[in-house]
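Single-structure report; data block below.
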There are 2 protein chains.
Amino acid sequence: MANAIDFYFDFSSPYGYLASIQIDALAARHGRPVRWRPFLIGALYKRLGYTPLEQPGKRAYFLHDVPRSARAMGVTLTFPPSFPEALIAPARAVYWIADRDPAKAGAFAAAAFRAYWAEGRKLADPEIVAEIAAGQGFAKEDVLAALNDQLVKDRLKAETDAAIAAGIFGSPFIVVDGEKFWGSDRLDQMERWLATGGW
Amino acid sequence: MANAIDFYFDFSSPYGYLASIQIDALAARHGRPVRWRPFLIGALYKRLGYTPLEQPGKRAYFLHDVPRSARAMGVTLTFPPSFPEALIAPARAVYWIADRDPAKAGAFAAAAFRAYWAEGRKLADPEIVAEIAAGQGFAKEDVLAALNDQLVKDRLKAETDAAIAAGIFGSPFIVVDGEKFWGSDRLDQMERWLATGGW
């Protein structure tokens with residue numbers, strides 16, 4: 001099977017959401033599977049000593065650019081009143097699901113992104129996460145138990161460490177055959193990379 | 001005449017260079033003139049307390065993404081050994097030229113960008129700047145005198161202040177009818193904005 005594309009993101013990242021809408025179809029056009037790799041951007045920023053949205057001017061631009069980019073794509077997107085916030089439960093769920101049925105991890109993650117950014121659902125809440133996972137055929141009680149399982153918690157920490165070690169410093173980051181692309185606005189170059197093998 | 005597009009940039013910005021190659025033709029397709037508005041990004045970063053390239057991981061990504069983006073466009077681009085550096089003389093020259101012949105300011109700026117990023121010329125050097133301006137029909141000695149004129153120096157300071165006051169926090173920034181677009185990777189949205197009047 002062709003090498004997977006690594007899709008690194010945090011559920012609280014709206015540009016991650018915009019990329020999530022496109023990534024599976026884009027990869028499929030080039031016969032590639034996608035490995036959905038959520039990490040905790042708060043932990044990453046803390047480790048790197050880096051707080052992009054506190055940079056002067058950037059927050060206001062970001063709050064304007066995100067909905068403008070969504071409208072340009074015809075995508076429904078509303079900033080939740082609770083933004084920014086840590087979205088830990090859905091990230092844990094992705095890895096737990098991936099270990100059971102890799103094909104469902106992406107479908108769950110896409111649904112979770114949509115729930116938060118388009119449907120106004122409280123994605124920090126394990127109950128909501130379990131409901132979304134139920135849509136992929138997982139029993140709610142199993143999901144709720146997994147979200148409190150130390151192994152699952154440690155897995156997300158390890159994945160966040162791995163993202164930092166791989167040089168990831170924002171969301172989304174997409175890695176194709178070792179080549180890194182940062183931001184939903186690099187998907188065009190990324191697709192060209194897949195099509196041509198690089199330049 | 002249709003409203004001008006404001007093209008804010010610093011000559012030391014490679015993404016500014018990539019935008020400079022496209023901006024005039026893009027604007028012309030929509031019957032718009034371009035106001036080339038260089039500012040000093042070092043002064044801006046200092047004022048904002050903001051040093052993007054010192055953020056962990058970002059410099060390495062930037063040094064990889066810039067030439068990759070240039071190659072994707074078929075544009076010759078080489079990081080000068082002196083990068084990053086303040087490029088004050090060409091920025092002053094743009095405003096001095098604009099006051100004499102606005103149509104030549106853009107042509108000069110595009111040539112200056114190319115000289116620095118594609119031709120390996122020392123754009124911090126007033127002599128080189130005067131040579132490039134001579135290509136637009138200005139006498140070298142007039143240019144060299146202007147670069148030391150306090151009024152011209154103050155003008156660039158005032159333009160940098162104006163950019164900061166307008167909410168600019170990086171290079172390039174393009175403002176179309178009050179709508180701000182940050183980065184050479186927003187040119188597609190910017191063109192669509194020109195074509196449709198916004199969304």
Side-chain angles (χ1 to χ4, degrees), chain A residues 8 15 18 41 44-75 163-171 173-176 178-196 198-199, chain B residues 8 15 18 41 44-75 163-171 173-176 178-196 198-199:
Chain A
Y8 293 95
Y15 296 122
L18 296 181
I41 205 163
L44 179 144
Y45 285 160
K46 197 170 170 185
R47 193 89 62 80
L48 300 181
Y50 168 50
T51 49
L53 289 184
E54 289 174 20
Q55 290 157 12
K58 228 170 187 179
R59 176 180 292 269
Y61 182 82
F62 169 82
L63 292 174
H64 185 76
D65 182 65
V66 164
R68 183 176 65 190
S69 293
R71 293 194 307 273
M73 289 171 62
V75 167
I164 294 170
I168 305 309
F169 57 84
S171 168
F173 249 95
I174 297 156
V175 184
V176 176
E179 194 71 16
K180 287 194 201 79
F181 296 90
W182 175 34
S184 56
D185 39 22
R186 278 289 176 279
L187 289 182
D188 53 346
Q189 279 196 24
M190 189 212 121
E191 176 147 30
R192 191 162 149 196
W193 199 272
L194 282 169
T196 63
W199 58 85
Chain B
Y8 293 95
Y15 296 122
L18 296 181
I41 205 162
L44 180 145
Y45 285 160
K46 197 171 170 184
R47 192 88 63 81
L48 300 182
Y50 167 52
T51 50
L53 289 184
E54 289 174 21
Q55 290 157 12
K58 227 169 188 180
R59 177 181 293 269
Y61 181 82
F62 168 83
L63 292 174
H64 185 76
D65 182 64
V66 164
R68 183 177 65 189
S69 293
R71 292 194 308 274
M73 290 171 61
V75 166
I164 294 169
I168 304 309
F169 57 85
S171 168
F173 249 97
I174 298 157
V175 184
V176 176
E179 194 72 14
K180 287 194 201 78
F181 296 90
W182 177 34
S184 56
D185 39 22
R186 279 289 177 276
L187 289 182
D188 53 348
Q189 280 197 22
M190 189 212 119
E191 175 147 31
R192 192 162 148 195
W193 198 272
L194 282 170
T196 64
W199 59 84

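Protein chains get the first letters and strands the later ones, always in sequence-line order, with residue 1 at the start of each.
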Q: Would you check if B:His64 and A:Glu179 make a side-chain contact, meaning some heavy-atom pair closer than 4.5 Å?
A: yes
Q: May I ask you to test the B:Asp188-B:Glu191 pair for a side-chain heavy-atom distance under 4.5 Å?
A: no
Q. If only atom types and distance count, is the side chain of B:Tyr8 paired as donor or acceptor with the main-chain N or O of B:Ala163 below 3.5 Å?
A. no
Q) Under 3.5 Å, is there a donor-acceptor pair between the side chain of B:Trp199 and the main chain of B:Trp193? A) no
(Q) Please classify the contact between B:Tyr45 and chain A as side chain, backbone, both or neither, with a heavy-atom cut-off of under 4.5 Å. (A) neither
**Q.** Part of B:Thr196 within contact of chain A (heavy atom distance under 4.5 Å)
**A.** neither
Q | Part of A:Phe62 lying under 4.5 Å from any heavy atom of chain B | A | neither
Q. So which of A:Arg192, A:Arg47, A:Arg186 has the biggest tally of heavy-atom pairs under 4.5 Å with chain B?
A. A:Arg186
(Q) Counting heavy-atom pairs closer than 4.5 Å to chain B, which one of A:Gly57, A:Ala72, A:Ser69 comes out on top? (A) A:Ala72
Q: Return the orientation label for the B:Trp182 and B:Phe173 ring planes: parallel under 30°, perpendicular over 60°, tilted otherwise.
A: parallel
